[in-house]
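Reading through the structure tokens given below for one structure.
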Amino acid sequence: MLSNKQYVYSAAFIIFLSVSGYFFSFTSSSNPQINVQLLWQNDVLDCQIPFDTGEVNKTWFIEQFQFFISDVQLGSDKTGWQKLNLAQNPFQAHDTVLLGTNCPSVKQQTGSIKNSNWIIELEPISGASINENSAIRFTLGVPFKVNHLNPISQKSPLNLPSMFWVWQTGHKFMRLELATNNEQWLFHLGSTGCKSASVMRAPEQGCRYPNTFYFDLPIAKGEGNQLVLNLDLAALLKNVDLTASSSCQSEQDQDSCQQLFKNLAFDNKTKGTTIVSSVFEAITIKSESEKKDVE
């Protein structure tokens, strides 16, 4: 949790850094890809689609939902676990990828300029192809070795002011901001309990509460060969009342934060020997090219 003084430093830093701009030019690639989808229960969700949490007379919209994942690996009985090398593009650096969207900025984008990303782009994979794997694992968060570095000298996307607190605490691993017509709610996930000489200095040792989350998911085999990683927003917000007082900046002593952490952690459900997360799901579906071949 940041103090008022820390917020002042952070705000000054953001103003300084934001002159570099937020928008990216990102061209399509023939490299293997993992698509990512945001769902509300079983329905695809985006900036234009409202969703109902069951509260009377409340319809919510996404204002911003972006998150970092790192150390992506695929596994199979034949090849074991294989760390995936991410292609270098404005959304990926240091084995870390930024996913999601900033909705107000998306409305302003033109031409090839993009400020949302729902694809994990990989370097060509040696050995088994991507769709021969049976499991995927990754970390929600930025690795400690790059989390607290000077963002001004970092490669995109680790230089984005909207996804950074201060040197001491590092990046926001997830930034979720929702709104109704007259209310707002937010969840900013990041490390806390980080010790350094000042908020503008990086810690030399790991933070007391890293607040990173590790996922090990079976890949459910569907009809096609396109690997998709689904994130269910309803599962993330389970048992959280969306009110101004329940907004969470990763405070350890706040009930809503503890519930969100619990939702991100693994369930007690198991499938075989693999623990299943309710927030993330991996599945293969038909790609657009496969659909065209059927037609």
Side-chain angles (χ1 to χ4, degrees), residues 34-47 49 51-54 60-75 96-101 116-120 134-142 163 171-178 185-192 209-220 222 227-242 246-252 254-285:
I34 300 172
N35 290 348
V36 181
Q37 287 190 136
L38 177 62
L39 305 179
W40 178 259
Q41 297 171 341
N42 294 319
D43 298 323
V44 177
L45 189 62
D46 64 27
C47 294
I49 299 176
F51 60 96
D52 183 1
T53 61
W60 291 90
F61 293 86
I62 297 170
E63 290 195 324
Q64 184 172 352
F65 188 25
Q66 293 180 285
F67 58 98
F68 288 104
I69 67 172
S70 57
D71 192 24
V72 183
Q73 301 179 44
L74 289 175
T96 301
V97 53
L98 177 65
L99 297 158
T101 186
S116 65
N117 176 50
W118 296 101
I119 291 174
I120 304 170
S134 58
I136 183 172
R137 63 188 185 189
F138 57 89
T139 299
L140 174 63
V142 177
M163 295 299 293
H171 289 82
K172 299 173 186 178
F173 303 150
M174 176 179 285
R175 179 168 180 163
L176 171 59
E177 298 184 359
L178 307 175
W185 182 89
L186 64 83
F187 172 38
H188 292 177
L189 175 67
S191 297
T192 59
Y209 304 108
N211 291 334
T212 55
F213 292 86
Y214 175 78
F215 297 90
D216 186 338
L217 308 173
I219 298 175
L227 178 56
V228 174
L229 184 65
N230 289 327
L231 190 161
D232 188 350
L233 183 58
L236 175 60
L237 300 180
K238 183 180 179 181
N239 296 327
V240 178
D241 293 327
L242 303 183
S246 69
S247 286
C248 169
Q249 296 248 27
S250 296
E251 300 96 334
Q252 291 295 317
Q254 185 168 336
D255 290 344
S256 59
C257 290
Q258 287 301 318
Q259 182 62 53
L260 288 161
F261 297 158
K262 181 179 178 181
N263 293 345
L264 282 168
F266 287 136
D267 285 350
N268 293 323
K269 297 181 299 182
T270 60
K271 186 175 182 179
T273 59
T274 303
I275 302 173
V276 180
S277 163
S278 61
V279 173
F280 284 99
E281 174 196 37
I283 189 171
T284 57
I285 65 172

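The minimum heavy-atom distance between Asp232 and Gln41, with the atom names listed, is OD1-N, 3.0 Å. Between Val142 and Thr96, the shortest heavy-atom distance links the atoms CG2-CG2, 4.3 Å. The minimum heavy-atom distance linking Pro210 with Ser191 is given by the pair O-OG, 2.7 Å. Of all heavy-atom pairs between Asn211 and Ser250, the closest is ND2-CB, 3.9 Å. The nearest pair of heavy atoms linking Asn263 to Lys238 is ND2-O, 2.8 Å. The shortest non-hydrogen separation linking Trp185 to Ser246 is NE1-OG, 3.0 Å.
Tested against Trp118 for a side chain to side chain contact (heavy atoms under 4.5 Å, CB included), the candidates Val36, Leu229, Leu231 yield a single pass: Val36.
Within the 4.5 Å cutoff, side-chain heavy atoms of Leu39 are placed close to those of Val44. Between Thr101 and Leu38, every side-chain heavy-atom pair lies at or beyond the 4.5 Å cut-off. Looking at heavy atoms from C-beta onward, Leu178 lies in side-chain contact with Leu237 at the 4.5 angstrom threshold. Residues Ile136 and Leu74 form a side-chain contact, since some pair of their non-hydrogen atoms from C-beta on lies under 4.5 Å apart. Annotation: side chain of Lys262 is not in contact with side chain of Asn239 (no heavy-atom distance under 4.5 Å).
For Phe67, the ring pair (Phe, Tyr, Trp, His ring centres under 6.0 Å) partners are Phe65, not counting sequence neighbours. Scanning for side chain to side chain donor-acceptor pair (under 3.5 Å) contacts around Thr139 gives an empty result, with sequence neighbours left out. In terms of the ring pair (Phe, Tyr, Trp, His ring centres under 6.0 Å) criterion, residue partners of Trp40 (sequence neighbours excluded) are, by chain and number, Phe51. Applying the ring pair (Phe, Tyr, Trp, His ring centres under 6.0 Å) test to Phe173 and every residue at least two apart in sequence or in another chain returns nothing. For Phe187, there are no ring pair (Phe, Tyr, Trp, His ring centres under 6.0 Å) partners two or more places apart in sequence or in a different chain. Residues passing the salt bridge (charged side-chain N to carboxylate O under 4.0 Å, His left out) test with Glu63, sequence neighbours excluded: none.
More than 12 non-hydrogen atoms from other residues, nucleotides or ligands lie less than 6.0 angstrom from CG of Asp52. Within 6.0 Å of CG in Asn35 there are more than 12 heavy atoms belonging to other residues, nucleotides or ligands.
Taking CG of Asp43 as the reference point, atom CD of Gln37 lies at 11.0 Å (rounded to 0.5 Å). For the atom pair CZ of Phe68 and CE of Met163, the computed distance is 4.5 Å after rounding to the nearest 0.5 Å. For the atom pair Ile62 CD1 and Leu176 CG, the distance stands at 7.5 Å (nearest 0.5 Å). For the atom pair NE2 of His188 and SG of Cys257, the computed distance is 11.0 Å after rounding to the nearest 0.5 Å. To the nearest 0.5 Å, the span separating CD1 on Ile283 from CG on Leu217 amounts to 12.0 Å. For the atom pair CG (Leu264) and OG1 (Thr212), the distance works out to 11.0 Å, reported to the nearest 0.5 Å.
Put simply, the side chain of Asn117 gets close to the backbone of Leu98: a donor and an acceptor are under 3.5 Å apart. Asp46 contributes a side-chain N or O that, together with a main-chain N or O of Ile49, makes up a donor-acceptor pair within less than 3.5 Å. With hydrogens and angles ignored, the 3.5 Å screen pairs no side-chain donor or acceptor of Glu251 with any backbone N or O of Thr192. Side-chain atoms of Ser70 come within 3.5 Å of backbone atoms of Gly141 as a donor-acceptor pair (strictly under, hydrogens ignored). Between the side chain of Asp71 and the main chain of Phe138, no donor-acceptor pair closer than 3.5 Å is present.
Relative orientation of the Phe213 and Phe261 rings is tilted, given thresholds of 30° and 60° on the angle between their planes.
Residues Arg137 and Gln73 bring a donor and an acceptor atom of their side chains to less than 3.5 Å of each other.
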